[in-house]
Protein chains: 2
Amino acid sequence: MIKKPITIKEIAKKLNLSISTVSRALHGHPSISLSTQQKVKLMAKEMEYEPNQTAIFFQKGRTYTIGVILPELAEAFFASAISAIEDIAYKKNYTVLLAQSHDEEGREKQLVEKMKNHRIDGLLVSVAKTTSNFDHFELLRKHQIPVVFFDRIPPIKNIHYVACNIETGSIEAVNYLLKRGHRSIGLINGPNTLVASGQRKEGYIKALYKNRLKYDPTLIVDCDLTEAGTKTALETLLNHKRKPTAIVTFNDYVSAFAIKSLRRFNLNTDQEIEFVSYANSSIIGFMEHPPVASVEQFPTIQGQKAIDTLLDLLNSDVNEETQGYYKTIIESQLIETHKD
Amino acid sequence: MIKKPITIKEIAKKLNLSISTVSRALHGHPSISLSTQQKVKLMAKEMEYEPNQTAIFFQKGRTYTIGVILPELAEAFFASAISAIEDIAYKKNYTVLLAQSHDEEGREKQLVEKMKNHRIDGLLVSVAKTTSNFDHFELLRKHQIPVVFFDRIPPIKNIHYVACNIETGSIEAVNYLLKRGHRSIGLINGPNTLVASGQRKEGYIKALYKNRLKYDPTLIVDCDLTEAGTKTALETLLNHKRKPTAIVTFNDYVSAFAIKSLRRFNLNTDQEIEFVSYANSSIIGFMEHPPVASVEQFPTIQGQKAIDTLLDLLNSDVNEETQGYYKTIIESQLIETHKD
DNA sequence: TAATTTAGCACAAACGTTTGATATCAATAT
DNA sequence: ATATTGATATCAAACGTTTGTGCTAAATTA
């Protein structure tokens, strides 16, 4: 037996009321008597009435839907973020339209367009690595659709964003290693095309300067984040005239590769090399020899703050110019690996 | 400068045409002359016309949106699955409405309701662990909204589903270890409330029987999948009178915990214990001493098949009764760990 | 009692699009 | 010359809901 969705029209007919009365009754409008309100609500329940959201969306011009565009859903960082976002959206009765850009500018652009046409109320974006032109986001502004960027934010003015300050974490990381007595600290960094690489490097250098230590650029080695690349980078550092006793790596995966490689082929190292990395991902818990610490970047908190400010934006009808822009910076934090 | 979305009405006025003509022109309807079609299309582009999808959704009763309900977005398996699903949805011009149940039946129920009201065209679900009543899915059937279950499928008749046959992988795993000369093989399994645990156990037992080996139930130890639980389970096996030389574990994480624990406190084991696990997750690539093999469950393929069959369902207007139900089984597959 | 307020409801427009039915006009066929 | 066809475009209804305005009768006030 197939059920056609029933409408307020049919409720109206059944109760000999007008459509508008039914509508208002269901919303508890004061100009409808309590008795009819109850009658209507009862009948609605009886007939298993469910409002047609598409009609409401259309009518109201709002969808209570927020778009989320992420570079890569399968990446742990973004998976955590979207999970946190969805949780809050659910709580606030919003719905999440999800899409991934795969770090492609073209796809990102198309997705923005698509979401605009879907009449999302607002958008959350972590921008693609390759994106160099940001007009598609400007377009949304013209259509009064607020956008909040998070984690990967574009280098443009007048935007709302939530980001993580990696530099402080970077400084903490180096300070930590210095306190542990290391004097030659290497850095296996990511490709220098990434903003994230620059941030790590900046912090690394600043920390050394602050401690009045001389900064040796050759102790920084870029790598492509693959296992092979990591190995090569590691070997470069091991052959350095001031062979580092500690190494900061771009992220936990690079640390894992480096440690794995180091231990397999260099087990007879009398002096252990200590590692510090970034992300504090769950992988650390599974490692036999984890880095001594990792810089947490709080994906869930970033996601939460991002959707919080978006919802704020949606529920204050003041326009942007007068109220300025939300800029939230989360401080990254060095987390020591739990010794078990 | 704020832009109001412009409508076909305004295009019509500007060209002195009727609304319907503009609509048909934009769709290339044959009863509109090519010359006017071009004029209209040109003007549409000029005025930066974008169709109001909410109006179209409402009008057509279809949203080209598919709902996806997963237990936990932050879990690697589901993150891969949703990634694959989104990719295909994007290609086929569908949009993904995402939500997570957190393995709670109540939340799952609410989400289904919400998605129904959003008028999704179809739904993809991996059901929550706690769900025991499946009426909310039945409801969708009545509303002609097709549902395809994947990975975690409910124990009810007449449904479309995509699942992974773990038993064959389980058998492969044990066979593999037997071939490698092991005669005492342990199993660190998950909680027996999980279907997944049962499947692993079944395969384990069948493999032994097929090889005419006696099955010792005490070589199977359940654990809660935590690090501590794994350690306890491992110790139980190590103290077994027929101490296993190989262990199958519920998943890669359990393997990681076990291996870590084993190597830390038992480094002087002359004879190595070999591990085989499930999931073949990326963590294996980062392990210093990975399991020798892992049973791949193909999250992306499952996701792909699931959305493929859903789209099939959506685009064939034959009703379910006549065409039967799609039941796709993916064979799991033992993947040997790449030696590097 | 007549005038005015108030409560309770109905009417109808509007949101933007699609689509079946219809109209117009010219070209062709009878 | 009339009927038929075909090409092209218009009209108007419909999708389900919200909401400003208008209406009626009862209740209140003067």
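Naming convention: chains lettered A, B, ... in sequence-line order (proteins, then strands); numbering from 1 in each chain. These numbers come from the heavy atoms of this one structure, side chains and all, not from hydrogens, waters or symmetry mates.
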Roughly, in whole Å, what's the span from [atom1] in [X] to [atom2] in [N]?
{"X": "A:Gln59", "N": "D:dC15", "atom1": "CD", "atom2": "C1'", "value": "13 Å"}
{"X": "A:His29", "N": "D:dT17", "atom1": "NE2", "atom2": "P", "value": "17 Å"}
{"X": "A:Ile8", "N": "C:dC11", "atom1": "CD1", "atom2": "P", "value": "14 Å"}
{"X": "A:Asn52", "N": "D:dA14", "atom1": "CG", "atom2": "P", "value": "17 Å"}
{"X": "A:His27", "N": "C:dC9", "atom1": "NE2", "atom2": "C1'", "value": "17 Å"}
{"X": "A:Lys9", "N": "C:dA12", "atom1": "NZ", "atom2": "P", "value": "14 Å"}
{"X": "A:Lys60", "N": "D:dG16", "atom1": "NZ", "atom2": "P", "value": "18 Å"}
{"X": "B:Arg62", "N": "C:dT18", "atom1": "CZ", "atom2": "C1'", "value": "15 Å"}

- Task: Please figure out whether A:Pro5 or A:Arg24 has its closest DNA chain D nucleotide nearer the 5' end.
- Result: A:Pro5

- Query: Using a cut-off of 4.0 Å on non-hydrogen atoms, how would the nucleic acid contact of B:Phe57 be classed: base, sugar-phosphate, or nothing?
  - Reply: nothing

- Task: Please work out which of the three classes, parallel, tilted or perpendicular, describes the rings of A:Tyr326 and A:His160, given edges at 30° and 60°.
- Result: tilted

- Query: In terms of side-chain heavy atoms, does B:His136 have a donor or acceptor partner in B:Glu113 at a distance below 3.5 Å?
  - Reply: no

- Could you tell me whether A:Phe58 and B:Phe58 have their ring centroids closer than 6.0 angstrom? yes

- Taking the six-membered ring for Trp, are the ring centroids of A:Phe57 and B:Phe57 within less than 6.0 Å of each other? no

- Message: Within 45 degrees of the ring normal and closer than 6.0 Å to the centroid, is that where the cationic atom of B:Arg62 sits relative to B:Tyr64?
- Response: yes

- For DNA chain D, the residues among residues 15-22 of chain A that have a non-hydrogen atom under 4.0 Å from it: A:Ile19, A:Ser20

- Item | Stretch residues 31-43 of chain B: residues that reach within less than 4.0 Å of DNA chain D through a heavy atom | B:Ser31, B:Ile32, B:Ser33, B:Thr36

- Taking atom NZ of A:Lys116 as the centre, does the number of heavy atoms from other residues, nucleotides or ligands within less than 6.0 Å exceed 12? yes

- Among C:dT17, D:dT10, D:dC15, which nucleotide sits nearest the side chain of B:Ile56? C:dT17

- Query: Does A:Phe58 lie flat on the base of D:dT17, that is, centres under 5.5 Å apart and planes under 30° off?
  - Reply: no

- Short question: side chain of B:Ser80, backbone of B:Ala76 - any donor-acceptor pair under 3.5 Å? yes

- For the pair A:Asn52 (side chain) and A:Ala55 (backbone), establish whether a donor and an acceptor sit closer than 3.5 Å, ignoring hydrogens and angles. yes

- Task: Indicate yes or no: does B:Lys92 engage B:Asp87 in a salt bridge with an N to O separation below 4.0 Å.
- Result: no

